[in-house]
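Keep in mind that what you see is a predicted model, and the values were worked out from it rather than measured.
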Amino acid sequence: MVLSGIREVIWKGMEASNRTISERLLLMAQVLEILDENPFKVRAYRRASEIIGRLATPVAGLSITDLDAMEGIGEGVALKVQEIASSGTFRELEEALSRIPPGLIDLLNIEGVGPKTAKTLWQKMNITSVADLERAARARRIRALKGFGEKKEALFLRSIARQKTPATRMNREQADEIIAVIRTVMKEGTWTVAGSYRRGKSTVGDIDIVTTDDPRRVNSLLHGISDEMIDVGDKKTSFRCRGSRVDVRFTSPSMFGSMLLHLTGSAAFNIRMRELAISKGASLNEYGIVYTSQGISKEFSREEEVFFYLGLDFIVPELREDWGEVEAAHSHTLPTLVEQGQIRGDLHVHSSWSDGSMDIRSIARAGEELGYSYLACTDHSSSLGVARGLDEAALKCQAHEIEMVNRDTSCHILHGIEVDILADGSPGLPASALRDLDIVIGSIHSAFSQESDVMTRRIISAVSHEDIDIIGHPTGRLLGQREAYAVDMQRVIAAAAATGTALECNASSFRMDLDDLHIREAIQSGVKISIGTDAHGPRELHYLPYGLGLCRRGWATPSDLLNTLTCQEVLEYVS
DNA sequence: GCCGTTTTCGGCCCGACTGTTTTCAGTCG
């Protein structure tokens, strides 16, 4: 099948993003699944889609050799990636798509509908869209099919209704709120949060819990906090709480380690671990390790024991993504990651001088309570009218107040600013205003929709500006609300490496920007990372661990961060 | 379709729960 003329015109001149390529490969996997093709071929496409989808660097320009060198991508997919890069699709996908009705793929988004069900609904009832499915379920026609009944109809209808308000991934603060609700019914010391939350990801799809508590006791209590119980069992229970899915796995203390390992994931990491076990003649699951030939099984109360048993160093949850950590654990070359106790301060806080709610003294007190030796007060510059930004004169007054507060606080307030990077790349305040400040963050707050090359050059000119020390929230994304602006982070990272400018890891639960993979790339290029909470009030000062988790996911060691430096060392670094 | 410290052919992680069934297929994580 040939591309439609319209799509060809739209496509012309565009370069396929990793997201586009990833989506096309996933679509191929889904279509092949419905067509009942070799499940391992399906898995290969799915895996390639995941690998490219999470990559920070664009793959569109890569050669076949470079693509083939990537774990999980072979020559077959490499050729398809190139085809997508030049045309937006590939021949085999179009061929496969021509064999199924266009709306059928959407059915896969309905809970309880997988490839087999989709195919059955299509071939036996001519259902080819979500709308068709809804009509048939309402008319109670689906129960007539062999293998389907009333409950399936009800499930489809519930799921379709929910799909009309699509569930987005939670940010970490929202996840913390749900965990707080769960805490009200769980017995202290008997449970742990696992899953992507434990791995420190910027967003969380569902909450995973491992518990040694009694299933009957817990299940009866969970009813009280659930919107809906999805599955209830004595090994596993799933329910919905405040709109989000929660999975609970029950285990015994003697098997807690392997269950926690299993439920922490990631899926790709679990597969690697199980393949490793197979290579040693064993089988790894959430209950332990089994040597099938000899019938020997082993239980693990702690995760560490599983790693040791497989000949690996312990891999912290943040690294478990199959991004090379298993190999590093095997060769004893895992990095020693930065820890919370090594953080000496927060490098991005707003005061009531601009749009924050804390005065300088409150910030200093909060810093003392958090055990910090410094906090950077970085209000907005005057070019950002909406945030009551500071001009040069106001900055002088603020300097005086900070000086007064610094006389009697153990948490030193660094006098800084978050100056706008204007549309032309210049800072929103004159050099005379910036020169005397301790620390200057440059951030984009306007003209978000500039074309990629313009935006990239704009940010690079800020990176190169002698008074700007840190680039704030470098990609500008707002989780679930606004996409990152079009910026080539590779070029920005290269420029930052050349000038010694730090890139911020903005720890606000709404931003989480830079994210893990960009942090890793920056660190590999020798760029320093600065964690800032961007706090506008006292509660938000507690965002710092969110950012720390991202840095750990980016393989950050203490020397990769500004926040592990002493106050004096920070001043020396930025001067 | 990918991959190889037994292999370039023949494998490919593993288990829970539901619904609709008389033993299991399908979905999900």
Side-chain angles (χ1 to χ4, degrees), chain A residues 25 28-30 32-34 36-51 67-81 90 92-93 96 107-121 142-156 159 194-196 205-210 215 219 229-239 245-251 255 258-259 261-290 292 311 322 327 330:
Chain A
L25 295 173
M28 184 64 169
Q30 292 175 319
L32 292 178
E33 220 171 5
I34 291 174
D36 212 15
E37 291 271 349
N38 177 359
F40 299 108
K41 187 170 171 177
V42 171
R43 176 183 146 176
Y45 272 109
R46 209 174 270 278
R47 185 156 177 232
S49 164
E50 279 166 22
I51 289 167
L67 288 163
D68 193 12
M70 294 165 72
E71 178 91 19
I73 293 177
E75 202 185 332
V77 168
L79 285 164
K80 272 125 202 166
V81 167
F90 57 101
E92 282 182 47
L93 172 63
L107 286 184
L108 298 178
N109 295 327
I110 305 298
E111 201 178 322
V113 182
K116 298 283 188 295
T117 304
K119 191 178 185 183
T120 305
L121 291 170
I142 293 177
R143 62 185 66 178
L145 276 177
K146 186 176 162 58
F148 292 77
E150 270 181 63
K151 291 193 171 176
K152 274 272 161 68
E153 272 176 356
L155 173 69
F156 293 159
S159 173
S196 54
D206 62 7
I207 306 283
D208 296 300
I209 307 278
V210 178
N219 283 336
M229 299 302 285
I230 302 169
D231 296 331
V232 180
D234 58 359
K235 294 195 168 86
K236 174 180 190 279
T237 285
S238 300
F239 64 102
R245 187 185 172 109
V246 182
D247 290 331
V248 181
R249 288 300 301 262
F250 301 100
T251 187
M255 296 191 280
S258 41
M259 183 60 84
L261 184 74
H262 166 75
L263 209 60
T264 298
S266 64
F269 170 81
N270 282 352
I271 289 173
R272 283 305 306 278
M273 291 289 277
R274 287 166 183 186
E275 284 171 350
L276 191 63
I278 288 172
S279 75
K280 294 176 185 292
S283 172
L284 171 66
N285 61 30
E286 58 263 57
Y287 303 109
I289 280 183
V290 183
T292 37
D322 193 16
E327 290 79 359
H330 191 251

Out of B:dC14, B:dC13, B:dT27, whichever nucleotide has its closest atom nearest the side chain of A:T117: B:dT27
Taking only side-chain N and O atoms of A:K151, does any of them lie within less than 4.0 angstrom of OP1 or OP2 on B:dG19? yes
OP1 or OP2 of B:dG15 sitting under 4.0 Å from any side-chain N/O of A:N285? yes
How far, in whole Å, is B:dG1 from B:dT7 if one measures between their P atoms? 25 Å
With a 4.0 Å limit, can you tell me whether A:S283 has a side-chain N or O closer than that to the phosphate oxygens OP1/OP2 of B:dC14? yes
Check every strand shown and say whether A:D68 touches a base, only sugar-phosphate, or nothing at a heavy-atom separation below 4.0 Å. nothing
Of B:dG29, B:dA16, B:dG1, the nucleotide closest to the side chain of A:D208 is B:dG29
Within the structure shown, what part of the strands sits under 4.0 Å from A:R47 by heavy-atom distance: base, sugar-phosphate, or nothing? nothing
Have a look at A:D231 and say if it touches a base, only the backbone sugar-phosphate, or nothing, with a 4.0 Å heavy-atom cut-off. sugar-phosphate
Under 4.0 Å between any heavy atoms, over every strand shown, what does A:P39 touch: base, sugar-phosphate, or nothing? Just pick one. nothing
Pair assignment for B:dT8, Watson-Crick or G-U wobble, requiring both distances under 3.5 Å: none
Report yes if the side chains of A:H262 and A:M273 come closer than 4.5 Å at any heavy-atom pair, otherwise no. no
Return the nearest nucleotide to the side chain of A:K41; candidates are B:dG1, B:dG29, B:dC14. B:dG1
Which nucleotide in B:dC12, B:dA16, B:dG26 has an atom nearest any side-chain atom of A:N38: B:dC12
Across the strands shown, which category fits A:I73 at heavy-atom distances under 4.0 angstrom: base, sugar-phosphate, nothing? sugar-phosphate
For B:dA16, does OP1 or OP2 lie under 4.0 Å from any side-chain N or O of A:Y287? yes
For a quick test of your reading: what N or O donor-acceptor pairs under 3.5 Å do the side chains of residues 69-76 of chain A make, sequence neighbours left out?
none

With side chains defined as the heavy atoms from C-beta onward, is the minimum distance between A:V232 and A:F239 less than 4.5 Å? no
Side chain to side chain donor-acceptor pair (under 3.5 Å) partners of A:E286, counting only residues at least two apart: A:R249
Hey, does A:V42 reach any base, or is it just sugar-phosphate, or nothing, if we go heavy atoms under 4.0 Å? nothing
Looking at A:K80, I'd like to know whether one of its side-chain N or O atoms comes within less than 4.0 Å of OP1 or OP2 on B:dG1. yes
